[in-house]
Amino acid sequence: MPLVTTTEMFKKAYEGGYAIGAFNVNNMEIIQGITEAAKEENAPLILQVSKGARNYAKPVYLTKLVEAAIEDTGLPICLHLDHGDSFETCKSCIDGGFTSVMIDGSHLPFEENVALTRKVVEYAHDRGVVVEGELGRLAGVEDEVKVKKEDSSYTQPEEVNEFVSKTGVDSLAIAIGTSHGAYKFKPGTKPQLRFDILEKVSELLPGFPIVLHGASSVIPEFVDEINKYGGKMDGALGVPEEMLRQAASMAVCKINIDSDLRLAMTAAVRKHFAENPSDFDPRQYLKPARAAIKEMVRHKLLNVLGCNGKA
Ligand code: G3H
Ligand code: 13P
Ligand code: ZN
């Protein structure tokens, strides 16, 4: 099976009240861990690559690894650019075989975001590639960009119709209180998301797929494990799984997860070295890291996304 776009996946997810997991990939072990879990649970997948991941691995390596994963699993997999920052980055991914790109113009004034997104949509649609846009601004860290809490902003529902009709995007990322990274809410406070904004957006755009970024749950067990083996991640806090299930049952069709994979992998590697201090064989410490990714993804498919059995 070749790479697929998200069109069919999102249609079925919207109607079925579940979401597709969009997992960030940076190397072979991460790709194998994710795709092995999806294969066992027969789940459709979005594998997404950030600009930082492309710089780290070199574009051709990740594309070829994802092609290998398709050959290995036979699953419907979409290869997606996460947080595309310019027309040129999006074009390079489209030309390189990606089936979906995100153009993130969320930091731009509305009209400039519309113009940039429209330009990417025209290039992408002519080549059978789908596009995700973003309105509203998430706090947190992604690559070298750090958005402070006070510079973040919720999506304004009154802007979504104009944005979608003027740009022609296929899905829309909105800001309802999630953020990137492992420190999403203040310790001791109750995490809250603006479900009223999601509700309003879905009323204004019936049947239209919505995307949730910054959706890791930062599961305490993994933070504790990292701290136990010499890490320092006090105060890390994520989005409660119950809230993600609620979002998936509404118009959210794509849920982005990166930090939880990083935490699972880091906890496994730290544990391995604590227990095997003289080991220096990368296969020995990357094997438990890959297994930890697989278990984390299986957990997400079954307990958060609900897309198991939907491939
Ligand atoms: O939203 C950002 C993702 O977690 C990717 O992070 O830019 O460090 O690769 P990155
Ligand atoms: P997390 O940092 O919550 O995993 O979010 C990832 C993300 O939104 C990638 O685009
Ligand atoms: Zn994101």
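Computed from a predicted structure; not experimentally measured. Atoms within each ligand, like the ligands themselves, are counted from 1 in listed order.
Near S50, with a cut-off below 4.0 Å to any heavy atom, the atoms of ligand 1 are 5 (C), 7 (O), 9 (O), 10 (P). If you number the atoms of ligand 2 from 1 as listed, the ones under 4.0 Å from a heavy atom of H213 come out as 8 (O), 10 (O). Near Q48, meaning under 4.0 Å from one of its heavy atoms, ligand 2 places the atoms 9 (C), 10 (O). Close approach to H180 involves these atoms of ligand 1, each under 4.0 Å from a residue heavy atom: 1 (O), 2 (C). Per-residue contacts place H83 under 4.0 angstrom from the following atoms of ligand 2 (heavy atoms of the residue considered): 10 (O). Of all the atoms in ligand 2, the ones that sit under 4.0 Å from a non-hydrogen atom of H180 are 2 (O), 5 (O), 6 (C), 7 (C), 8 (O), 10 (O). Near K184, meaning under 4.0 Å from one of its heavy atoms, ligand 2 places the atoms 1 (P), 2 (O), 3 (O). The ligand atoms of ligand 2 that sit less than 4.0 angstrom from a heavy atom of G181 are 2 (O). The distance from ligand 2 to the heavy atoms of I257 drops below 4.0 Å at these ligand atoms: 4 (O). The atoms of ligand 2 that sit less than 4.0 Å from any heavy atom of G214 are 1 (P), 3 (O), 5 (O), 7 (C), 8 (O). Close approach of ligand 1 to D258 (heavy-atom distance below 4.0 Å) involves ligand atoms 3 (C), 4 (O), 5 (C), 6 (O).
Annotation: N24 places no N or O atom under 3.5 Å from an N or O atom of ligand 1; distance criterion only. Annotation: R262 places an N or O atom under 3.5 Å from an N or O atom of ligand 1; distance criterion only.
Distances shorter than 4.0 angstrom do not occur between any heavy atom of R262 and any atom of ligand 2. For M102, the heavy-atom gap to ligand 2 stays at 4.0 angstrom or more.
When atom types are taken as modelled, the side chain of K184 and the backbone of T178 share no donor-acceptor pair closer than 3.5 angstrom. A donor-acceptor contact shorter than 3.5 Å is absent between the side chain of S106 and the backbone of L135. Checked by atom type and distance alone, the side chain of T63 pairs as donor or acceptor with a backbone atom of P59 at under 3.5 Å. A distance-only check finds a donor-acceptor pair linking the side chain of D170 to the backbone of V131 [under 3.5 Å].
Using a cutoff of 4.0 Å between basic side-chain nitrogens and carboxylate oxygens, K294 and E40 are scored as salt-bridged. Note on K12 versus E8: no salt bridge recorded, every NZ/NE/NH1/NH2 to OD/OE distance being 4.0 Å or above.
L45 and V130 end up in different hydrophobic clusters when Ile, Leu, Val, Met, Phe, Trp and Tyr side chains are linked at under 4.5 Å. By the rule that hydrophobic residues join a cluster once side-chain heavy atoms approach within less than 4.5 Å of another member, L108 and V169 end up as members of one cluster.
Contacts with ligand 1 closer than 4.0 Å are made by side-chain heavy atoms of H83 only, the backbone lying farther away. Neither the backbone nor the side chain of A182 comes within contact range of ligand 2; no heavy atom lies under 4.0 Å. Residue-level proximity to ligand 1 for D82 is carried by the side chain, the only part with a heavy atom below 4.0 angstrom. Proximity of N24 to ligand 2, defined as any heavy-atom pair under 4.0 Å, is confined to the side chain (atoms from C-beta onward). Under 4.0 angstrom from ligand 2, the non-hydrogen atoms of D82 all belong to its side chain.
For F273, the ring-ring contact (aromatic ring centres under 6.0 Å, His included) criterion is met by Y285, not counting sequence neighbours.
The closest approach of H213 to the Zn ion (ligand 3), by N/O/S atoms, is made by ND1.
Using a 4.5 Å heavy-atom cutoff, the side chains of M243 and F195 are in contact.
Side chains of H213 and E132: a donor-acceptor N/O pair is present below 3.5 angstrom, by distance only. Checked by atom type, the side-chain pair N256/K254 shows a donor-acceptor distance below 3.5 Å.
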### Chi angles and distances behind the salt bridge (Lys or Arg N to Asp or Glu O under 4.0 Å) call for D224, K228
CA-CA 6 Å; D224 292 348; K228 179 175 162 190; over 6 Å; no
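Geometry at the Zn ion (ligand 3): NE2/H180 and NE2/H83 form an angle of 100°, nearest 10 degrees.
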